[in-house]
Colleague: 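Input: one structure, supplied below.
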Amino acid sequence: MRISSAFICAGLTFLWSARAQSSSVDAFLASESPIAKAGLLANIGPSGSKSSGAKAGVVIASPSQSNPDYLYTWTRDTSLVFGAIIDQFTLGLDTSLRGQVDNFVASQEIIQQISNPSGTISTGGLGEPKFNIDETAFTGAWGRPQRDGPALRANAMITWANFLLKQNNATYVTSTLWPTIKLDLDYVAGNWNQTTFDLWEEVSSSSFFTTAVQHRALRQGIALANRIGQTSAVAGYTAQANNLLCFLQSYWNGGSGYITANTGGGRSGKDANTVLASIHTFDAAAGCDSVTFQPCSDRALSNLLNYVNAFRSIYSINSGVANNVGTATGRYPEDSYMGGNPWYLTTLAVAEQLYDSLIVWKQQGSITITATSQPFFALFSPGIATGTISSSSSTFNSLTAAIENYADSFVAVVAKFTPSGGGLAEQYSRSNGAPVSAVDLTWSYAALLTAFGARNGVVPASWGAKGLTVPTTCSGNTGGGSGGGGTVSITFNVQATTVFGENIFLTGSIDSLTNWSPDNALALNANNYPIWSVTVNIPASTSFEYKYIRKFNGAVTWESDPNLQFTSPASGTFTINDVWR
Ligand SMILES: *[C@@H]1O[C@H](CO)[C@@H](O)[C@H](O)[C@H]1NC(C)=O
Ligand SMILES: *[C@@H]1O[C@H](CO)[C@@H](O)[C@H](O)[C@H]1NC(C)=O
């Protein structure tokens, strides 16, 4: 990393040299990335050299068997690791990986079916976080369920499916991949609105990372379903994707400029959870969109600054480092697990978010600085003004070079604290940088490979983040219950004669029918007057009561008693035809 003294450029002071990409980081990544690739593959059965006993396609979290014992397979880690492998194969970076991907698909089909302490395949078992490496259930006490797993698995498999469709392999996609993907998407659609353990397996509440990857899964799933003609699922997924996008906004703590990672847990909320969410929902086609918290969005950059700063004073290896130079970062500042040290994968995630941002700024030919992101950009140019900087200006070049150097400086921290053999453990000591906790963490290796890819301008496939509109009011979806059965699309038709200016609404006993709230009741359309109609996604196999109401000049008139009753079917769509009473 080269840090020069301040210099003046177009009237702005830059605290960094304009040279992009540090040669010491080049050298580290050139030597480390083959080690990371080999380390990652060593942890995948059946032939990985450090994963003896793991079935084909099973990713062990780490070969460490004590203090901590990580010789298990987690759905989250596995899906993130295979997400990286699938990107490498489908983007043509490593054509040797197809057999691994086929093994992944086959093993996940088996794991989905295993009854476990979270349930069976149809009663919530997909939310089980970890399994034994021989593909049997882990039955010990654990923080379960963890609802990010099915979403991440769907994201990886859908990326694979999209690639195979381009290869004219629709038969395999429809007959083999889609049934597996659909189980996960149904689980997400049916269960997203229930509490979950977070990705660190500690806090049971709602969690930004989980919500963000669930949202991505449904959007990507909708596009795939449309592409292969599986359209019956689309309405239900669309309704829940919109609900998820709405809910996602609620984590933004605008007053403090960061994303609160969990709704529970009683912590500051500053957490690598949020940075990981941003890089794992990166969609270059969406630009710097802030509602999906894209890496270069003003919210995600402000969040990054606050997250990084949370570790400056608490790790002694960070002491004396200037505030515009990379430092060690960990999961969250209150962390005490295994000493509460910095993690390789979280420090690399910061670099990756910045590399992703650079890809987009260069692609769109501009950087926009808002009041929200100004403190981040001020790291490189104190007092920099809000506004848009075009790529034709020298400021653009200086700023992107400074940010490239800043990104590299986080990789340089990882380089400095990587032992000579190149093995990446889970953590490195907050006091001296020595590796700590589980050795050869598969996710650490995947994190190095994806950060390196982003630095080289590798752009993952788009998942549909572009141009989404956040609903004006958020709806939940609690009725789905542990059944995990997803939702069904129900059309309510009611024949009702009205006077001009009078409208018909629907409300009922479940969240998706606004819990008997006349104020929030769902508006019906009169496209086929006197039939009023609305289509609602209702949790599958759920009994509920409902009524129609009239609103006219602010006055609400309810239908006569008793309440209407219905039990939604287990799947598919359904139409109810009523007459106003
Ligand atoms: C489709 O992809 C699957 C999975 O890799 C493969 O086994 C199969 O041979 C492919 N079929 C065709 C026609 O390419
Ligand atoms: C369910 O969704 C509603 C509406 O967005 C939200 O207020 C609530 O916190 C959510 N609950 C959970 C557990 O996701």
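For ligands, and for the atoms within them, numbers begin at 1 and follow the listed sequence. This chain uses plain numbering: 1 for the first residue, then up along the sequence. Just so it is clear, the model here is predicted, and its values are computed rather than measured. As a basis for the values below, the full set of heavy atoms in this structure was taken, side chains included, without hydrogen atoms, waters or symmetry mates.
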Colleague: Going by the order shown, which atoms of ligand 2 are within less than 4.0 Å of some heavy atom of T195?
Modeller: 13 (C)
Colleague: Using distance alone, decide if ligand 1 has a nitrogen or oxygen within less than 3.5 Å of any nitrogen or oxygen in R98.
Modeller: yes
Colleague: Give the residue and atom name of whichever protein heavy atom lies nearest to atom 11 (N) of ligand 1, and the separation in Å to one decimal.
Modeller: N169 ND2, 2.8 Å
Colleague: Going by the rule side chain to side chain donor-acceptor pair (under 3.5 Å), which residues pair with R331 if we only count those two or more places apart in sequence or in a different chain?
Modeller: E202, D335
Colleague: Do R216 and D283 meet the salt-bridge criterion of a basic N to acidic O distance under 4.0 Å?
Modeller: no
Colleague: Looking only at distances, please establish whether an N/O atom of ligand 2 is found under 3.5 Å from an N/O atom of N193.
Modeller: yes
Colleague: List for me each residue that meets side chain to side chain donor-acceptor pair (under 3.5 Å) alongside Q294, sequence neighbours excluded, and say none if there are none.
Modeller: T292
Colleague: In terms of the angle between their ring planes, are W343 and Y337 parallel, tilted or perpendicular, with boundaries placed at 30° and 60°?
Modeller: tilted
Colleague: Should the proximity of S475 to ligand 2, defined as any heavy atom under 4.0 Å, be assigned to the side chain, the backbone, both, or neither?
Modeller: backbone
Colleague: Using protein heavy atoms only, decide if any is under 4.0 Å from atom 9 (O) of ligand 1.
Modeller: no
Colleague: Taking the six-membered ring for Trp, is the centroid-to-centroid distance between F293 and Y251 below 6.0 Å?
Modeller: no
Colleague: Does Y307 have K270 sitting over its ring (NZ/CZ under 6.0 Å from centre, angle to axis within 45°)?
Modeller: no
Colleague: Show your working on side chain to side chain donor-acceptor pair (under 3.5 Å) between T120 and T123 and close with a plain yes or no.
Modeller: CA-CA 5 Å; T120 66; T123 63; 2.9 Å; yes
Colleague: Which ligand 1 atoms does Y172 reach within 4.0 Å, using its non-hydrogen atoms?
Modeller: 1 (C), 2 (O), 3 (C), 4 (C)
Colleague: Counting each atom of ligand 2 from 1 as listed, which ones have a heavy atom of Q194 under 4.0 Å away?
Modeller: 13 (C)
Colleague: Could you tell me whether R76 and E201 make a salt bridge, using a distance below 4.0 angstrom between a side-chain N and a carboxylate O?
Modeller: yes
Colleague: Could you tell me, atom by atom, which parts of ligand 2 come under 4.0 Å of a heavy atom of C474?
Modeller: 4 (C), 5 (O)
Colleague: Provide, to 0.1 Å, the distance between atom 4 (C) of ligand 1 and the closest protein heavy atom, together with that atom's residue and name.
Modeller: D102 OD1, 3.2 Å
Colleague: Looking only at distances, can you tell me whether any N or O atom of W160, backbone or side chain, sits closer than 3.5 Å to an N or O atom of ligand 1?
Modeller: no
Colleague: Does ligand 2 have any atom that is closer than 4.0 Å to a heavy atom of S206?
Modeller: yes
